[in-house]
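Here is the structure we will look at, set down as structure tokens.
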Amino acid sequence: MIPYSCQDIDSTDIEAVTQVLASDFLTQGAQVPAFERALARRVQAREAIAVNSGTSALHLACLALSVGPGDRVWTSPISFVASANCARYCGAEVDFVDIDPRTGNLHLEALERRLADAALDGCLPKVLIPVHYAGQSCDMRVIARLVNPYGVRIIEDASHALGADYEDTPVGCGRYSDITVFSFHPVKMITCGEGGALLTNSLELAESARLLRSHGVTRDPARVDNLEAEPWRYEQHALGFNYRMTDLQAALGLSQLARLDAFLAERRQRARRYQRAFEGTPVSTLHQLTEAHSAWHLMSVLVPAGIRAEVFRRLRQDGIGVNVHYLPIYRQPYYQQLGFPPGYCPRAEAFYQSELSIPLHTRLSDSDQALVIERLLHHVEALT
Ligand SMILES: *Cc1c(COP(=O)(O)O)cnc(C)c1O
């Protein structure tokens, strides 16, 4: 099976992890801070906090922004469930804003209307979590302009978008948001095995996330009482978690980050080939904003809704590992139990009915890509 995505591990990655295995520190050593510095430099943010998953990063981002019971968090229905679950972990209510089917990202007019209605009803969200679907940044300048008058904070879920840019600055630089979150799961742009990070320009938010990453415990002399007389002391100042990244993961992340530009070039070249191949066919590719350059985490295409399921089945039979991203989050049984009706976001539903994610990764060979193109066009033609 040609996978829709897969990691790219080479001998430098293996060497980096092996060196840590033979060192004194498997966790809480020098690799995590080194990875954090490299990440912050890469995306032009002041602070980076590495954690054990993108999901943990989203949870800490919500907590750093004081999301709690009685608060509301809005996100996109076309995302992985973690984009919504993070608010539920904090006891907050989640709601979904419909998407623009041309990009899979939040629909700007829908957001504008929902904000105006919520302001009238006194139920504005505390936080909005835009998701950079498939690796293309949302139109963050507009989103920030829409939410700022209402005091809504922004967490960018950039799990798909490490290496992407928007208005000539890297996603993660925080120009239009409070916190940006990345995931380093093996299908994402770079991998740590499992891993994630929060990026922010706020020292206060960074400090809060760092504290909560490790049990809410600190050894900071400025915060711990009586440290001179009792130098072994640490203090717990909040109810935190063990969301720490290991040094093995950070070493892999550092090594992978050095390869990010090469990964981006490989993905962009393949994405362009797909775009050209599907021009003038019933297979459409996502609209790309002129001010954004996608990281191309996913090659998401839309086919006529009536044949999508059959095209999926036939491609899988051909050994092509297609996938669908995503069933709208509110249609998951857990969210149905919370009362979201089917059809809640009509554009997201329509997008879900047409979407197929076809193989796109750095190890996809030219001949395998040619096969994907030929088989997809063949099945679509036969079925329409
Ligand atoms: C992968 C992903 C996450 C979660 O990241 P993990 O590292 O797997 O916890 C969150 N949001 C989106 C959009 C993702 O694709």
Side-chain angles (χ1 to χ4, degrees), residues 3-7 32 35 39 48-63 73-90 94 96-97 99 103-106 127-138 140 154-164 171-172 177 179-199 209 213 241-246 248-250 252-253 256-257 267 286 294-300 323-330 332 334-335 348 351-352 355 357 360-361:
Y4 86 94
S5 183
C6 74
Q7 71 271 21
V32 171
F35 180 44
L39 264 178
I49 302 96
V51 292
N52 60 355
S53 74
T55 303
S56 301
L58 283 165
H59 185 193
L60 294 187
C62 286
L63 289 173
V73 172
W74 290 3
T75 189
S76 167
I78 297 295
S79 185
F80 184 55
V81 293
S83 305
N85 290 346
C86 57
R88 299 294 300 159
Y89 298 154
C90 304
V94 175
F96 301 93
V97 179
I99 58 135
T103 59
N105 282 335
L106 284 180
V127 170
L128 174 71
I129 307 182
V131 178
H132 302 320
Y133 179 76
Q136 179 179 212
S137 177
C138 295
M140 291 306 298
I154 299 177
I155 299 169
E156 294 176 66
D157 184 345
S159 297
H160 297 183
L162 181 66
V171 166
S177 66
I179 300 173
T180 302
V181 165
F182 294 110
S183 162
F184 310 123
H185 181 276
V187 297
K188 305 292 166 70
M189 298 300 298
I190 66 168
T191 189
C192 296
E194 296 275 6
L198 300 82
L199 282 290
R213 161 176 71 178
F241 306 87
N242 181 351
Y243 281 173
R244 291 188 305 261
M245 176 178 273
T246 66
L248 298 165
Q249 291 165 303
L252 180 54
Q256 288 262 298
L257 190 59
R267 285 175 177 274
L286 298 184
S294 178
W296 294 104
H297 160 57
L298 292 177
M299 188 69 211
S300 174
N323 244 312
V324 171
H325 296 94
Y326 296 89
L327 176 70
I329 296 175
Y330 60 79
Q332 298 289 349
Y334 170 79
Y335 283 94
F351 186 86
Y352 166 64
E355 202 274 341
S357 297
L360 176 62
H361 52 84

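Whatever order the structure lists ligands and atoms in, that order sets their numbers, starting from 1. Positions are given from 1, in the same order as the sequence printed here.
- For the 3.5 Å distance criterion, the side chains of Gln136 and Ser294 fail to qualify, holding no donor opposite an acceptor.
- Side-chain contact check for Ser56 and Ser53: at least one donor-acceptor pair (N or O, by modelled atom type) lies under 3.5 Å.
- When only interatomic distances are considered, the shortest N/O to N/O separation between Glu194 and ligand 1 does not fall below 3.5 Å.
- The shell of residues lying under 4.0 angstrom from ligand 1, judged by heavy atoms, includes Gly195.
- At a 4.0 Å cut-off, at least one heavy atom of Tyr326 sits close enough to ligand 1 to count as contact.
- In summary, the aromatic rings of His361 and Tyr4 are positioned with their centroids too far apart to meet the 6.0 Å limit.
- Regarding atom 11 (N) of ligand 1, its nearest protein heavy-atom neighbour is Asp157 OD2, 2.8 Å.
- A donor-acceptor contact under 3.5 angstrom links the side chains of Asn85 and Tyr335, judged on distance only.
- If you look at Thr55 next to ligand 1, the close heavy atoms, those under 4.0 Å, come from the backbone and the side chain alike.
- Note on ligand 1: His297 sits outside its first shell, no heavy atom being nearer than 4.0 Å.
- Among protein heavy atoms, atom 5 (O) of ligand 1 sits closest to Ser183 OG, 3.2 Å.
- When only interatomic distances are considered, the shortest N/O to N/O separation between His185 and ligand 1 does not fall below 3.5 Å.
- Centroid-to-centroid, the aromatic rings of Phe351 and Tyr326 stay 6.0 Å apart or farther.
- Without hydrogens or angle criteria, Asn242 side chain to Arg244 main chain gives a donor-acceptor distance under 3.5 Å.
- For atom 3 (C) of ligand 1, the closest non-hydrogen atom of the protein is Ser159 OG, 3.6 Å.
- The shortest distance between side-chain heavy atoms of Val131 and Leu106 does not fall below 4.5 Å.
- In this structure, Gly196 has no heavy atom closer than 4.0 Å to ligand 1.
- The distance criterion of under 3.5 Å between nitrogen or oxygen atoms is not met by Ser79 with respect to ligand 1.
- Of the protein's non-hydrogen atoms, Lys188 NZ, 1.5 Å is the one closest to atom 1 (C) of ligand 1.
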When you look at Phe35 and Phe184, which way does the ring-ring contact (aromatic ring centres under 6.0 Å, His included) test go after all the steps? CA-CA 12 Å; Phe35 180 44; Phe184 310 123; 5.4 Å; yes
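- For ligand 1, the polar-atom distance check against Gly54 finds a nitrogen or oxygen pair separated by under 3.5 Å.
- For the residue pair Glu355 and His325, no side-chain donor N or O sits within less than 3.5 Å of a side-chain acceptor on the partner.
- Taking only non-hydrogen atoms, the option from His160, His325, His59 nearest to atom 15 (O) of ligand 1 is His160.
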